[in-house]
Amino acid sequence: MFYRLGLLAARLRYWILGCWLIIVLAALPFAPRVGEVLTPGGFSSPDMQSQQAVDALQQGLHANFTNVLILFSSKSMTADDPRFVVEANAAVARLQGWDQVTGVVPFTVDPSQISRDRHTAYTAVFLKASPDAAPNVLPDLRARLSQPHDLTMTVGGGPVFYADIQSVSEADLRRAEEIAFPFALLALLLVFRSVIAAGLPAAVGGCSVVVSLALLYGLATVSPVSIFALNITTLFGLGLGVDYSLFMVSRFREELTLGHTTNEAIAITMSTAGRAVFFSGLAVSIGLLGLVIFPLNMLRSVGLGGMLTVALSILAAVTLLPALLAVLGPRVNALPVRLPRFGRRAPTANTAYSEENGFWHRLALGVMRRPLLVFFPVLIALLALGTPFLSVRLAAPDASILPASVKSRAAYDILTQQFDQSQTTPIILAVRTPGSPLAKGNLDTLDQYVRQLRADPRVQRVDSLVSLDPRLTLPQYELMYSHPQQIADPYISRLLTAYAGDHITLVQVFSKYGMLDTRTEALVEAIR
């Protein structure tokens, strides 16, 4: 089949090249814009219990948990200083009443938003947009902020992290391409010692990447695709395109040196190297298929992007490349380049070569003569290289994965260094109630549940309707909630709105340990 496919590609070479030219030209306007439609994040799933809790609270409390933190710090003033408060409030004044903001909670209302040394505090700005759409609101949000004269202002939070992930991923990708592509061309020149032969894999790989990115753009317009698919699509496509094409061009040149015609050389190349490329790509696609079944959008996007890239790389290798080789024929060795030689001498159209003189031929014979002597040392070396994976810990990423120069990383460092880390990452519980959670019977049951949670030695504190102020008793809470409209304390009034819905209430459990600590993970399991 592959032999006949090679002959067909040689016979229809100009039709195939014309089709590929049209496809690449159609893809060119969309490939550079793929970053505009890809979404950041993708680390949650509607099937996850944590996401179900957030969805239930957002619906029941009519609130959004997507928030941006505006951090203010001063070396000379503390958050208790009236000048500090005035400047911080003035900086966020234009956010009040903005249609993209559902609430602004200053540190003067919530004391937990003030650092341990009291020289840093943050104001929480809750956005109407979803976590994936929130990064699009950030430019307007920053434009509405006023720079305070005597305070250092830093913007952080989940939306800023996701926006920075997107920009850093795109910048890393451009830098990787700038480094990888020249090295790939140099490696191809070392292998082929011909500009034309070296340019073929690069051209085929480039075409497959352009078309893959355009298809990814189209896919992202109809279904959410994570930004992490961009990296695998570009670098994977370039690598596979060059790898597969290098394999086939090498075989084609060898067949020419054996005296075959161009069409025969292409047919033999397709029946040997082409078949290997096809089944190699098929095996890679099957491996990537495993990622598609994951509920997380990030993993699913990587799998989809990878499978799309592999399919395009195979298609380019078995159609575009044979057509190009059919047009070039022996001219594939044109524009020779004088470079240092490694291994056996490269074949040309005018010189034959002996396989027995090649380095790889001698290496293969040596391995086959002493298979066990090679097998065990290589196996031990591979296992040794893989041992670090035994201590791997998987977790959702945070801003610590970003470079220190990125703004959201700076905000993250301030939060982790000057605030109790567990205070910014509580365990969120959605507690459904029969009727209003402010009803006496529900408050009694909730108080018993909160006491059970507090009894766990890993719990630092629990915030709920019955634990807003440790000085208050359950009867006092019941009396206060019997007339909620008469509550004068702004802190309790705000928390009452944030914690109580029609048939649901929010409970926040603060661990004594960090978010990614194994003891906190065990605490989550115990609560469940």
Side-chain angles (χ1 to χ4, degrees), residues 43-44 48-54 56-57 65 67 69 71 73 78-80 105 107 109-124 154 156-158 161 391-401 408-431 437 443 445-474 477 491-492 494-495 498-499 505-528:
F43 303 109
S44 63
M48 295 171 61
Q49 189 178 141
S50 57
Q51 187 59 47
Q52 291 172 357
V54 171
L57 288 169
F65 289 92
N67 65 80
L69 306 182
L71 290 95
S73 59
T78 65
D80 307 303
V105 182
F107 54 87
V109 174
D110 190 344
S112 67
Q113 295 174 198
I114 300 175
S115 65
R116 287 186 292 266
D117 64 3
R118 309 195 71 78
H119 283 274
T120 301
Y122 66 84
T123 293
T154 309
F161 165 63
S391 57
V392 70
R393 288 194 59 217
L394 303 178
D398 53 33
S400 62
I401 67 174
S408 60
R409 171 63 188 274
Y412 172 83
D413 290 340
I414 294 173
L415 288 171
T416 54
Q417 293 167 10
Q418 302 189 32
F419 291 80
D420 187 341
Q421 191 175 2
S422 65
Q423 299 303 303
T424 59
T425 55
I427 301 168
I428 303 295
L429 309 184
V431 180
L443 290 175
T445 307
L446 183 62
D447 181 67
Q448 296 175 19
Y449 182 54
V450 169
R451 290 178 185 276
Q452 292 177 356
L453 293 173
R454 280 175 171 170
D456 192 302
R458 294 162 294 194
V459 173
Q460 186 177 46
R461 82 168 197 270
V462 179
D463 284 356
S464 69
L465 288 174
V466 292
S467 57
L468 300 181
D469 189 330
R471 296 169 298 179
L472 299 179
T473 62
L474 178 60
Y477 279 117
Y491 174 68
I492 294 181
R494 183 191 70 82
L495 290 183
Y499 277 66
T505 182
L506 166 67
V507 175
Q508 296 189 94
V509 180
F510 295 84
S511 171
K512 292 180 180 178
Y513 313 103
M515 179 179 66
L516 302 182
D517 193 288
T518 54
R519 291 166 290 189
T520 300
E521 294 176 2
L523 174 60
V524 171
E525 295 299 325
I527 292 173
R528 283 179 170 165

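Heavy atoms only: backbone and side chains are in, while hydrogens, waters and symmetry mates are out.
Two residues are said to be in side-chain contact when any heavy atoms from C-beta on lie closer than 4.5 Å; Gln418 and Asp117 meet this criterion. At least one side-chain heavy atom of Leu446 sits less than 4.5 Å from a side-chain heavy atom of Val507. Inter-residue side-chain proximity for Gln508 and Ile427 is flagged as unmet; no heavy-atom pair is nearer than 4.5 Å. Side-chain contact between Arg451 and Gln448 is absent, with no heavy atoms from C-beta onward closer than 4.5 Å.
For the atom pair CG of Leu465 and CG of Leu506, the computed distance is 8.5 Å after rounding to the nearest 0.5 Å. Atom NZ of residue Lys512 and atom CG of residue Asp517 lie 12.5 Å apart, to the nearest 0.5 angstrom. How far OG1 of Thr416 is from CE of Met515: 11.0 Å, rounded to the nearest 0.5 Å.
Listed here is the closest heavy atom pair of Val105 and Gln113: O-NE2, 3.2 Å. For the pair Arg116 and Gln417, the tightest heavy-atom approach, listed with the atom from each and the gap, is NH2-O, 2.9 Å. Heavy-atom minimum distance, Leu443 versus Leu474: O-CD1, 3.9 Å. Across all non-hydrogen atoms, the minimal contact from Ala522 to Arg458 is CB-NH1, 3.5 Å. When all heavy atoms are compared, the tightest approach of Asp463 to Tyr499 is CB-OH, 3.2 Å. When all heavy atoms of Leu71 and Ala411 are compared, the closest pair comes out as CD1-CB, 3.9 Å.
For the side-chain contact (heavy atoms from CB on, under 4.5 Å) test, residues two or more places apart in sequence or in another chain that qualify with Gln452 are Tyr449. In this view, Ala121 and Ala79, Phe84, Phe107, Ile114 satisfy the side-chain contact (heavy atoms from CB on, under 4.5 Å) rule, not counting sequence neighbours. The salt bridge (charged side-chain N to carboxylate O under 4.0 Å, His left out) check on Arg454 picks up nothing, with sequence neighbours excluded.
Checked options Val509, Thr505, Leu57; the residue passing with Leu429 is Val509 (criterion: side chain to side chain contact (heavy atoms under 4.5 Å, CB included)). Exactly one residue among Phe510, Tyr412, Tyr122 makes a ring pair (Phe, Tyr, Trp, His ring centres under 6.0 Å) with Phe419. That residue is Tyr122.
Listed for the Thr120 side chain is no donor-acceptor partner under 3.5 Å among the backbone atoms of Ser115.
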